[in-house]
> 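Dumping the structure here so I can ask a few things about it.
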Protein chains: 2
Amino acid sequence: MNTAPDKKNNSVTESSLNSLFQYFNGLLPLKEKEREELRTRVKERKIRRKHYLLQHDDLCKHYTFIITGCFRMFSVDQKGTEHNLQFAAENDWITDMGSFYSGKPSQLYIEAIEPSHILQIEKGDLLFLYSHFSRVNRNFRVIIEIKFVELQNRLLQNISSTVEERYIYFLEHYPHLSHRLPSTQIASYLGVTPEFLSKVRKGMASKA
Amino acid sequence: MNTAPDKKNNSVTESSLNSLFQYFNGLLPLKEKEREELRTRVKERKIRRKHYLLQHDDLCKHYTFIITGCFRMFSVDQKGTEHNLQFAAENDWITDMGSFYSGKPSQLYIEAIEPSHILQIEKGDLLFLYSHFSRVNRNFRVIIEIKFVELQNRLLQNISSTVEERYIYFLEHYPHLSHRLPSTQIASYLGVTPEFLSKVRKGMASKA
DNA sequence: AGCGATTCTTAAACTAGATTAAGGGTAGTT
DNA sequence: AACTACCCTTAATCTAGTTTAAGAATCGCT
């Protein structure tokens, strides 16, 4: 698309890198040296809607940072039903951490819900950065800590709240997602059928 | 209890420290210098059965490593019902990561299910170790990665499996816990009532 | 040994959520 | 304009899991 020349010999644009650096500024900002190292190790890609970043039995070789667009990570059970484990949009990361660190084939799928623009870093490069730059290590520790706490809250909700409560929580905490996802995808994320979510929504509308 | 003299001026016994060092040997083993630093920063405690390590509105100031014993972390909903988020026994860690890193009051409780023997490290000490010893940082990143993947699998089960399937999974994956916990505690962990778990168990027994 | 507290089970009535089936709405494609 | 694919809703029936209540079993403590 953009034909403007970049400083470096790989194809990563400055504006994409800036999104990533801006993101780290919200955690533990990177030093110039660390930025340079990241710059040479990150690959830029565009993914079409409904295309897959990861499929069952693939090895998950990358951490993916989303510049624009939206993804879902899901699993498929024996009956063929899909279950959404996670959504991720702008300024978020998505990866199958289990496969990424164990090196074993993934059980999951990562699909683009919208045309998306991403940066990816490979496992070898990330491990290199971990061992040479403690600030990178600490940033990724913090990223996982945040995701862990979110996941724990979600689990708590799943064992203690009704579908309506979970749905309201989702709408309040992910407003940037709730208006761009079909409600059938949200139902799968909440762990219910689309039919039942529809019933819940009807109930909420009649109350208000 | 033990009156044998220790090398250092705090009260941490060598055998407790060895449990911790052994644990790290299974991840990324610590260097002597790092062990020394940990030694001076870790506190040893014994906790009686039914006593609390953390209660609602407390700040969670420690990462706790369990040498012997068993804990549960739970939340209490509006109706007063408890919901077990996590169990932890020997060679495992327990903390409310949300409160620990945010510095905000915890919404959770951590209770000893058995008389327990633990090591604790304070936030300030851990942050000091993170910034001076990348190996410590990496170890704790790996600890969280492992816990994240476990949690994600559990969530997936909660949105996609029956109670019987979840119960069987629990028995298979936590045999060291399943035989020492009352099944009412397991029911709370699985997100069902004790009465229903009893029914499920009866069904399983009649099948086999 | 005996007492209180906790734990486990059973069963009947109830409710949240699944399933099945059908119809209508909308968007994208040719 | 018509076709396909997807998405949303409704409603009837069914089932997994809850609630309430009560009794039996087990554990820990003095």
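Residue numbers start from 1 in every chain, and the chains themselves are labelled A, B, ... in the order their sequence lines are given, proteins ahead of strands.
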> Could you summarise the pairing of DNA chain D as dot-bracket text, marking Watson-Crick and G-U pairs under 3.5 Å with ( ) or [ ] inside the strand and | across strands?
||||||..||||||||||||||||||||||

> In this structure, which one of B/Asp92, B/Leu53, B/Leu119, B/Thr95 forms a side chain to side chain contact (heavy atoms under 4.5 Å, CB included) with B/Thr64?
B/Leu53

> What parts of residues 152-163 of chain B reach DNA chain C, counting only heavy atoms under 4.0 Å away?
none

> Using the benzene-type ring in the case of Trp, are the ring centres of B/Phe71 and B/Phe87 under 6.0 Å apart?
no

> Distance alone, cut at 3.5 Å: any donor-acceptor contact between the side chains of B/Glu44 and B/Thr13?
yes

> B/Leu181 CG to C/dT6 C1': how many Å, rounded?
15 Å

> Can you find a side chain N or O atom of B/Arg201 that sits less than 4.0 Å from OP1 or OP2 on C/dT9?
yes

> Where do A/Arg41 and A/Glu37 land on the salt bridge (Lys or Arg N to Asp or Glu O under 4.0 Å) test, with the steps shown first?
CA-CA 6 Å; A/Arg41 287 183 162 76; A/Glu37 290 286 344; 2.4 Å; yes

> So that I know where these two stand, are B/Phe148 and A/Phe148 an aromatic pair - ring centroids less than 6.0 Å apart?
no

> Less than 6.0 Å separating the ring centroids of A/Tyr174 and A/Tyr169?
no

> Atom CD of B/Glu114 and atom P of D/dC27: how far apart are they, to the nearest Å?
15 Å

> How many whole angstroms separate atom NZ of B/Lys79 from atom C1' of D/dT18?
9 Å

> Starting at atom CZ of A/Arg49, determine the distance to atom P of D/dC7, rounded to an integer number of angstrom.
7 Å

> Between B/Phe140 and B/Tyr63, does the ring centroid distance fall short of 6.0 Å?
yes

> Looking at DNA chain D, which of residues 183-200 of chain A put a heavy atom within less than 4.0 Å of it?
A/Ser183, A/Thr184, A/Glu195, A/Ser198

> Would you call B/Glu82 and B/Arg72 a salt bridge, taking side-chain N to carboxylate O under 4.0 Å as the test?
yes

> With no hydrogens and no angle check, just 3.5 Å: does a side-chain donor-acceptor pair link A/Tyr101 and B/Glu145?
yes

> May I have the distance from A/His83 (atom NE2) to C/dA18 (atom C1'), rounded to whole angstrom?
12 Å

> Between C1' on D/dT26 and CZ on B/Arg180, what's the gap in Å once rounded to a whole number?
20 Å

> Check whether any side-chain heavy atom of A/Ile144 lies under 4.5 Å from a side-chain heavy atom of A/Met97, and answer yes or no.
yes

> For A/Arg180, is there an ion pair with A/Glu90 - N to carboxylate O distance below 4.0 angstrom?
yes

